[in-house]
Amino acid sequence: MDFEIKKIDEWRFLIPKAGAMRVPGLIFSSSELMPNIKDDQSLQQVVNVATLPGIVKHALAMPDIHWGYGFPIGGVAAFTMENGIISPGGVGYDINCGVRLLTTSLLANEIRPKIKELISALFKAIPTGVGSRGRIRLSRGEEKKVAVQGASWAVKKGLGTKEDLERTEDHGAMQGADPSVVSDRAFKRGHDQLGTLGSGNHFLEIQAVDEIYDQKIADAFYLFEGQLAVLIHSGSRGFGHQICDDFLKEMGTHVKGLGFNLPDRQLACAYIKSNMGKRYLSGMACAANYAWANRQIIMHWTRETFEKVLGINPSDLNMEPLYDVCHNIAKLETHVVDGKKLALCVHRKGATRSLPPGHPDVPERYRKVGQPVLIPGDMGTCSYVLAGSQKAMEETFGSTCHGAGRVLSRKQAIKAAKGRAISRELEDKGIIVQSRGKTTLKEEISEAYKDVSLVVEAVHMAGLAKKVARLRPLGVIKG
Amino acid sequence: MNSAPLTYQIIDHTADLGIIVEGPDVRHLFMNAARAMIDLMVEGDISERIAIRDVLVKGEDFPDLMVRWLGEILYLFEGENLIVNSIEIKSISPIQLKSTLTLTSFDPKRHQVLREIKAVTYHQISVNKVNDGWEATVIFDI
């Protein structure tokens with residue numbers, strides 16, 4: 001590494017501006033997490049992002065930072081609308097990959113004997129993994145509507161309620177989506193993948209709330225100890241992957257005429273104000289909307305499955321989304337920088353928005369306590385609910401971490417899991433797992449991830465979000 | 001043409017998966033890279049041939065051509081449910097590759113998906129002439 005790292009305090013580390021960097025790098029972490037971060041190439045990626053035109057304040061990294069491609073995962077960077085860039089690599093292939101947490105009126109202990117049956121029924125109801133096609137086949141016309149309307153398309157089709165939309169970031173539809181910039185290939189990849197979970201780190205988990213840290217906020221979020229909940233983690237599937245891919249290729253050529261050098265080809269970008277930049281933003285919004293429709297539909301089928309397996313009616317189940325957040329996105333937002341209001345394009349790649357109490361974009365029901373922040377852990381440990389904070393607005397453009405972050409490569413994980421019956425090990429811990437892919441469970445073992453509790457502690461202590469509740473997994477379906 | 005044993009190395013990348021692949025010449029390098037990617041995605045009997053397709057890929061240089069070439073193979077699988085079972089590269093230059101692919105249909109009864117590759121990335125992409133042949137490094141988004 002040919003850059004310096006200075007410890008500012010227990011939770012913040014600075015990479016001073018040097019060489020081609022236009023701003024310093026700022027890493028939110030801890031002395032326990034830092035050694036792992038230094039082991040991979042993610043800090044070099046922070047330095048690379050800091051060289052891009054129009055970046056303001058800092059190239060930021062959250063405590064779950066790990067080596068991505070182009071931008072690090074767990075990276076946040078804001079660029080001025082006036083002379084800044086937008087980069088598909090700063091959003092990622094899985095545009096609007098995100099999580100949705102569903103709360104219920106059920107007590108986890110009462111449902112525990114039924115978990116196996118529920119997991120098996122969910123595994124049948126929600127297509128997972130590659131090669132599996134969805135239950136929905138979209139005509140091109142309908143697929144374009146999904147791209148514009150997002151989650152509300154699903155609600156119009158009877159797959160959910162209007163109230164669900166109020167508890168989804170951006171009401172489940174990003175403005176400015178224009179299907180005319182989306183390629184034929186993206187539509188083909190997406191036409192039968194709506195309502196599918198996907199593979200890799202995507203999952204659906206039945207969970208139990210096992211600890212409350214802030215009673216007042218937990219009450220506002222309708223979370224209580226012992227409660228049964230469901231967490232859905234999925235994204236825009238092949239539709240989004242193809243849109244990212246298409247624009248990266250176009251911008252790879254485009255950027256060569258812009259007069260600055262890229263330290264990594266994956267950082268291909270365009271000025272936000274340019275036609276190319278605007279086209280990407282419109283295409284990205286289509287993928288973001290597809291992802292919101294996807295999680296809405298998966299949620300609807302989850303509700304149906306619970307009602308059927310448990311033989312209860314919707315009002316007794318009371319399965320409602322607490323919130324739905326995206327963690328791979330670029331958004332046009334206004335932030336105060338050095339005392340001045342600036343129109344910015346905030347890239348969050350593996351980072352979650354964290355809006356404070358009182359912010360107009362927080363749903364009214366949560367406005368007094370702040371935006372719900374949902375942090376999934378790995379399948380063997382736990383997940384967290386936090387609330388957004390003012391400090392995040394001041395330091396990270398209203399952003400916080402998005403998960404545990406990998407620490408082992410897939411190859412290392414498979415090696416560590418060799419000869420072990422992972423699903424049996426989890427069952428011994430009281431977690432029922434069903435998965436499709438042959439290598440998924442091995443690649444996704446707990447040891448492959450950082451301790452999510454350390455990541456959450458770091459953002460809590462740094463003031464980027466406030467700990468509200470912890471949830472433990474009872475059952476998992478994976479691709 | 002595809003009967004030579006396929007060898008490739010998996011490289012450690014925390015979030016994703018990379019390969020280092022070799023070939024005695026650039027034509028075989030591109031063939032081997034495609035075969036390695038298919039090997040990572042799916043297993044089972046892919047010998048049945050149901051279609052033949054000519055694929056033309058254009059790029060700016062060998063690394064760009066490699067990303068676009070593997071992107072074509074990935075699209076055939078993801079977008080059209082087709083697995084490439086044999087590859088003939090008719091001509092190749094740094095800016096263009098002409099090939100004829102024979103394809104089989106993905107069938108969940110006969111084929112097991114090993115992992116989902118979301119995309120072929122440009123991150124740390126390299127295609128280089130080495131002492132006794134050619135070598136490429138490619139990182140996939142998983």
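Proteins get letters first, then strands, A, B, ... in listed order; numbering begins at 1 in each. These figures come from a predicted structure and were not determined experimentally.
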### chain A contact via B:Gln124 - which portion, at a heavy-atom distance below 4.5 Å
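Both the backbone and the side chain of B:Gln124 come within 4.5 Å of chain A.
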
### Query
With a 4.5 angstrom heavy-atom cut-off, which part of B:Val42 approaches chain A: side chain, backbone, both or neither?
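For B:Val42, there is no contact with chain A at all, as no heavy atom is under 4.5 Å.
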
Please name the pair of heavy atoms, one in [X] and one in [Y], separated by the smallest distance, quoted to 0.1 Å.
X	Y	value
A:Tyr69	B:Thr121	CG-CG2, 4.1 Å
B:Glu116	A:Ser199	CB-OG, 2.8 Å
A:Asp264	B:Tyr122	OD1-O, 4.0 Å

#### Entry: Cationic N near anionic O, under 4.0 Å, B:Glu78 to A:Arg185
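A salt bridge is absent here (no side-chain N lies under 4.0 Å from a carboxylate O).
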
#### Entry: Heavy-atom side-chain contact between A:Phe71 and B:His123 under 4.5 Å
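Answer no - side chains too far apart.
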
### Query
Among residues 60-74 of chain B, which residues come closer than 4.5 Å to chain A, judged by heavy atom distances?
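The stretch touches chain A at B:Glu60, B:Asp61, B:Pro63, B:Asp64, B:Val67, B:Arg68, B:Glu72.
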
### Task
May I ask you to name which of A:Asn201, A:Asp94, A:Asp245 has the most heavy-atom pairs under 4.5 Å with chain B?
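Going by pairs under 4.5 Å, I would pick A:Asp94.
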
#### Entry: Best-contacting candidate, A:Gln266, A:Gln41, A:Lys256, against chain B by heavy atom pairs under 4.5 angstrom
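Most heavy-atom pairs within the cutoff with chain B belong to A:Gln266.
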
### Task
Please confirm whether the backbone N or O of B:Leu114 pairs with a side-chain atom of A:Thr439, one donor and one acceptor, at under 3.5 Å?
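Confirmed, A:Thr439 side chain pairs with B:Leu114 backbone.
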
### Message
What part of A:Ser42 gets within 4.5 angstrom of chain B, counting heavy atoms only: side chain, backbone, both, or neither?
### Response
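No part of it gets close to chain B.
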
### Task
Measure A:Ile414 against the heavy atoms of chain B and call it side chain, backbone, both or neither at under 4.5 Å.
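Only the side chain of A:Ile414 comes within 4.5 Å of chain B.
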
